[in-house]
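What follows is a single structure, written as structure tokens, with notes after it.
What you see is a predicted model, and the numbers here were worked out from it, not measured in a lab.
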Amino acid sequence: MRILTILICLYSLPAAAGFIELSATGSVRENAVDEDNSTTTRSVTGSLAYYFYENSAIQISYTEGFMESEGLANVSGTNIAYDQVVNFQMTGLDFILSGGGKNAILKPYLKAGGAYQTKRVEFQLEGSEKYVEETDGTFITYGLGFKLQLTKNWAIKAGYDGWTGPVDSENENEEEQTDTVIRAGISFIF
């Protein structure tokens with residue numbers, strides 16, 4: 001028994017104490033094609049990541065956002081005003097692999113996983129009835145970015161995220177889409 005205890009003490013692996021990271025990121029984009037046509041997109045994401053090893057984590061995230069386009073559409077030689085609003089929510093689960101150690105100032109990361117997205121599209125031409133479509137589905141998610149550690153607990157976070165899908169569509173005519181976004185925000189580690 002004494003030999004077994006000595007062997008366990010000599011060959012045991014170091015403990016991998018986990019830590020948690022709370023993040024809030026957002027993105028804003030305003031685009032004017034010309035004076036009559038513009039698009040505004042905004043989204044906010046909150047996430048909770050559990051680092052089970054120093055550089056490996058599982059992250060749960062929730063994103064909510066909208067896109068609004070308004071302008072003039074040429075229909076049979078006549079300019080008609082239109083308005084399109086898209087509201088979406090996405091809940092995701094990702095695996096994160098970080099570079100650098102827990103005490104590094106600059107920490108690059110890669111992530112991959114999946115998300116469930118719901119979307120409501122409202123489109124209306126001036127003088128016509130509003131068209132509404134609601135869709136949902138599972139998407140493959142991916143991303144890369146970095147964290148700049150400001151203090152032991154606070155960091156600035158920036159990254160590029162993308163999602164492709166839906167991968168589980170029952171509608172054969174529904175096309176797969178790919179969306180991307182550049183996000184920036186803050187992160188608290190405890």
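- Side-chain atoms of Ser47 and Ser61 form no donor-acceptor pair, as typed in the model, at a separation below 3.5 Å.
- Counting only N and O atoms by type, the side chains of Gln84 and Ser69 include no donor and acceptor under 3.5 Å apart.
- Side-chain atoms of Thr164 never come within 3.5 Å of backbone atoms of Ile140 as a donor-acceptor pair (strictly under, hydrogens ignored).
- Without hydrogens or angle criteria, Asn153 side chain to Ile189 main chain gives a donor-acceptor distance under 3.5 Å.
- Using a 4.5 Å cut-off on side-chain heavy atoms (C-beta onward), Phe146 and Leu106 make contact.
- Leu48 has its side chain within reach of Ile20: a pair of non-hydrogen atoms, C-beta onward, lies under 4.5 Å apart.
- Under the 4.5 Å side-chain heavy-atom criterion for Ile, Leu, Val, Met, Phe, Trp and Tyr, Tyr53 and Ile58 are members of the same hydrophobic cluster.
- Between the side chain of Ser128 and the main chain of Leu125, a donor-acceptor pair closer than 3.5 Å is present.
- For the atom pair CD of Glu21 and OH of Tyr50, the computed distance is 14.0 Å after rounding to the nearest 0.5 Å.
- Rounded to the nearest 0.5 Å, atoms CZ (Phe188) and CD1 (Ile186) are 10.0 Å apart.
- Judged purely by distance below 3.5 Å, without hydrogens or angles, the side chains of Thr118 and Gln89 pair a donor atom with an acceptor atom.
- When the side chains of ILVMFWY residues are joined at heavy-atom separations under 4.5 Å, either directly or via intervening members, Leu144 and Tyr142 end up in two distinct hydrophobic clusters.
- Judged purely by atom type and a 3.5 angstrom limit, Asp94 has no side-chain atom pairing as donor or acceptor with the backbone of Ile96.
- A parallel orientation is assigned to the rings of Tyr51 and Phe19, their planes being inclined by less than 30° (bins at 30° and 60°).
- For the atom pair Ser187 OG and Gln149 CD, the distance stands at 7.0 Å (nearest 0.5 Å).
- The heavy-atom pair separating Ala115 from Thr141 by the smallest distance is CB-CG2, 3.6 Å.
- Minimum heavy-atom separation, Asn37 to Leu72: OD1-N, 2.9 Å.
- A distance of 12.5 Å separates CD of Gln124 from CD of Glu70, quoted to the nearest 0.5 Å.
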Show your reasoning for whether side chain to side chain donor-acceptor pair (under 3.5 Å) applies to Tyr62 and Glu64.
-> CA-CA 7 Å; Tyr62 177 76; Glu64 191 165 301; 2.7 Å; yes
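- Residues Pro166 and Asp168 meet the side-chain proximity criterion, which asks for heavy atoms closer than 4.5 Å.
- Judged purely by atom type and a 3.5 angstrom limit, Asp136 has no side-chain atom pairing as donor or acceptor with the backbone of Gln117.
- Between Val44 and Thr63 there is no side-chain heavy-atom pair separated by less than 4.5 Å.
- If you check the side chains of Thr39 and Asn31, you find no donor sitting under 3.5 Å from an acceptor.
- Criterion: ILVMFWY side-chain heavy atoms under 4.5 Å apart, direct or through other members. Under it, Trp163 and Tyr160 are not part of a common hydrophobic cluster.
- The hydrophobic cluster containing Phe52 also contains Ile60, counting ILVMFWY residues as joined when their side-chain heavy atoms lie under 4.5 angstrom apart, directly or transitively.
- Relative to the ring axis of Tyr109, Lys157 places its NZ or CZ within 45° and under 6.0 Å from the centre.
- The distance from the CG atom of Asp36 to the CG atom of Asn79 is 7.5 Å, given to the nearest 0.5 Å.
- For the pair Lys111 and Leu97, the minimum side-chain heavy-atom distance is 4.5 Å or more.
- To the nearest 0.5 angstrom, Ile156 atom CD1 is 11.5 Å from Trp154 atom CH2.
- Evaluated for a side-chain contact (heavy atoms from CB on, under 4.5 Å) with Lys119, the options Met67, Met90, Gln177, Glu134 yield exactly one hit, Gln177.
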For side-chain contact (heavy atoms from CB on, under 4.5 Å), just list the numbers for Ile105 and Leu148, CA-CA rounded to whole Å, side-chain angles, deciding distance to a tenth of an Å, and then say yes or no.
-> CA-CA 6 Å; Ile105 292 175; Leu148 179 63; 3.8 Å; yes
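- For Glu133, the CD atom is densely surrounded, since the number of other residues' heavy atoms within 6.0 Å is greater than 12.
- Taking 4.5 Å as the limit, every side-chain heavy atom of Phe66 sits out of range of all side-chain heavy atoms of Phe88.
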